[in-house]
Amino acid sequence: MDIKKAKVHVIGSYAVGMTMKTDSFPEPGETVAGHSFIQLHGGKGSNQAVCSARLGAEVLFTTCIGQDNLGRSAALMLENEGVKTEGIYKTASSNTGVGFVMVGSTGENEILIDLGANEYLSTTDIEKSFSLDFNPDVILVQLEANLDAVFHALRLAKERNIPAILNPAPFRSIPDEFVKLATYLTPNNTEAAGLLGFDGTPEVLCKALYDRYGTKVVMTGGKHGAYILDSNQEVVNIPGERVEVIDTTGAGDCFNATLAVKLGEGCDLLEAVKMANIAASMSVQVDGVIESLPYKSALELKLK
């Protein structure tokens, strides 16, 4: 049976990722030795757009970049990855976004980001993107761009009955009305606790998120997989794959992109999350971000 080709509209950030490995993260005021510096394309929105395209979806990406060499390089990369770039806007008011990533010896990471041009993505830009002849099956947004623009994208998706995934990362304080516009909410444990103002078990957090926002909840748990709660009111754990972790950078973006693509293809939520877990497990076994995002053929081979 032929699988429907998903159409995914990703709205979010592009940033250059500057990554360095270290045996130990520095304490405040401390300098530690690093190694293996690399400069790569990144940003949560860009990662999710590229991953969605690699997994076989038709992808429109909306972001804002600077009128600089980094921005020009970003547009070229996205075109080469097969991402539609009509929704990419440029500003002369800021540099293209940049992120600094430290990767520890166990694969965990710490990230510092200057959103730069991402903060200049406007509601007008969102209106223009939604007016393009694309008609997505699903919208995917994060919190790494101008929040007014992201909020407006969710509002338009709601008005047009387009399912929307809100990946509340990196965590930023947002109003409840913002979150309630989403169809799916995909936090990790830290982001869930930030939204709610308290911590707890995955089951407690999922139920509290559903009660507060009324969205379908997909909470990622790293090696523990993911937890789902929808209108059935039962928290279901989808176990993660047991793999050797090399680098977790970008794994959450891979998960969200795969979720969007599989929902867009017509999978139910349980099946889409299972596939997202597998794709994310593939990504953590590879160094880097763009390099770690799997292709459709690799995911299909993994499933055989």
task: Would you sort out whether Q39 and L70 count as a side-chain contact (heavy atoms from CB on, under 4.5 Å), showing the intermediate values?
output: CA-CA 11 Å; Q39 178 174 309; L70 295 180; 3.9 Å; yes
Same cluster (ILVMFWY, side-chain, under 4.5 Å), [X] and [Y]:
| X | Y | value |
| --- | --- | --- |
| V217 | V235 | yes |
| L303 | L259 | yes |
| L263 | F134 | no |
| F37 | V98 | yes |
| L156 | L121 | yes |

Looking at every heavy atom in both [X] and [Y], which two are closest together, and how far apart are they?
| X | Y | answer |
| --- | --- | --- |
| V284 | A251 | CG1-CB, 3.6 Å |
| F25 | E30 | O-OE1, 4.4 Å |
| A192 | L205 | CB-CD1, 4.2 Å |
| R54 | P294 | CB-O, 3.4 Å |
| Q142 | A169 | CB-O, 3.4 Å |
| T258 | A279 | OG1-CB, 3.3 Å |

So [Y] and [X], do their side chains get closer than 4.5 Å, heavy atoms only?
| X | Y | value |
| --- | --- | --- |
| C254 | M282 | no |
| V138 | Y184 | no |
| D176 | Y213 | yes |
| L229 | L209 | no |
| V50 | M77 | yes |
| V150 | V141 | yes |
| P26 | M102 | yes |
| R72 | N69 | yes |

Residue from V286, D287, V101 passing side-chain contact (heavy atoms from CB on, under 4.5 Å) with D247: D287
- line: Partner of I65 under side-chain contact (heavy atoms from CB on, under 4.5 Å), picked from Y14, Y120, Y89, is Y14
Check whether any side-chain N or O of [X] sits under 3.5 Å from a backbone N or O of [Y] as a donor-acceptor pair, and report yes or no.
| X | Y | value |
| --- | --- | --- |
| T22 | A33 | yes |
| T63 | I88 | no |
| T96 | G71 | yes |
| N237 | A226 | yes |
| N188 | T220 | no |
| N277 | P239 | yes |
| S283 | L293 | no |

Say whether [X] and [Y], considering side chains only, have a donor N or O and an acceptor N or O under 3.5 Å apart.
| X | Y | answer |
| --- | --- | --- |
| N109 | T248 | yes |
| D148 | T123 | no |
| Q48 | N167 | yes |
| E241 | S281 | no |

message: Quick one, N189 with Y227, criterion side-chain contact (heavy atoms from CB on, under 4.5 Å). Give me CA distance, side-chain angles, the key distance, then yes/no.
response: CA-CA 10 Å; N189 187 282; Y227 299 83; over 6 Å; no
F178 and F151 aromatic ring geometry - parallel, tilted or perpendicular at 30°/60° bounds: parallel
- prompt: Hey, is E119 close enough to R172 for a salt bridge, meaning N to O under 4.0 Å?
  reply: yes
- request: Could you tell me whether K180 and E177 have a side-chain N and a carboxylate O separated by less than 4.0 Å?
  value: no
Straight-line distance of [X] [atom1] to [Y] [atom2], nearest 0.5 Å:
| X | Y | atom1 | atom2 | value |
| --- | --- | --- | --- | --- |
| N118 | L143 | CG | CG | 12.5 Å |
| L196 | K207 | CG | NZ | 14.0 Å |
| T186 | I165 | OG1 | CD1 | 6.5 Å |
| N146 | S13 | CG | OG | 12.0 Å |
| I139 | L181 | CD1 | CG | 12.5 Å |
| S46 | I290 | OG | CD1 | 5.0 Å |

field: Stepwise side-chain contact (heavy atoms from CB on, under 4.5 Å) test for L40 and E291
entry: CA-CA 9 Å; L40 300 168; E291 293 78 6; 3.2 Å; yes
field: salt bridge (Lys or Arg N to Asp or Glu O under 4.0 Å) partner of E58, chosen from K5, K4, K84
entry: K84
message: Assess the residue pair E265 and V261 against the criterion (side-chain contact (heavy atoms from CB on, under 4.5 Å)); give the C-alpha distance rounded to whole Å, side-chain angles, the decisive distance to 0.1 Å, and a yes or no.
response: CA-CA 6 Å; E265 289 178 350; V261 171; 3.7 Å; yes
query: Do other residues, nucleotides or ligands put more than 12 heavy atoms under 6.0 Å from the CD atom of E127?
result: yes
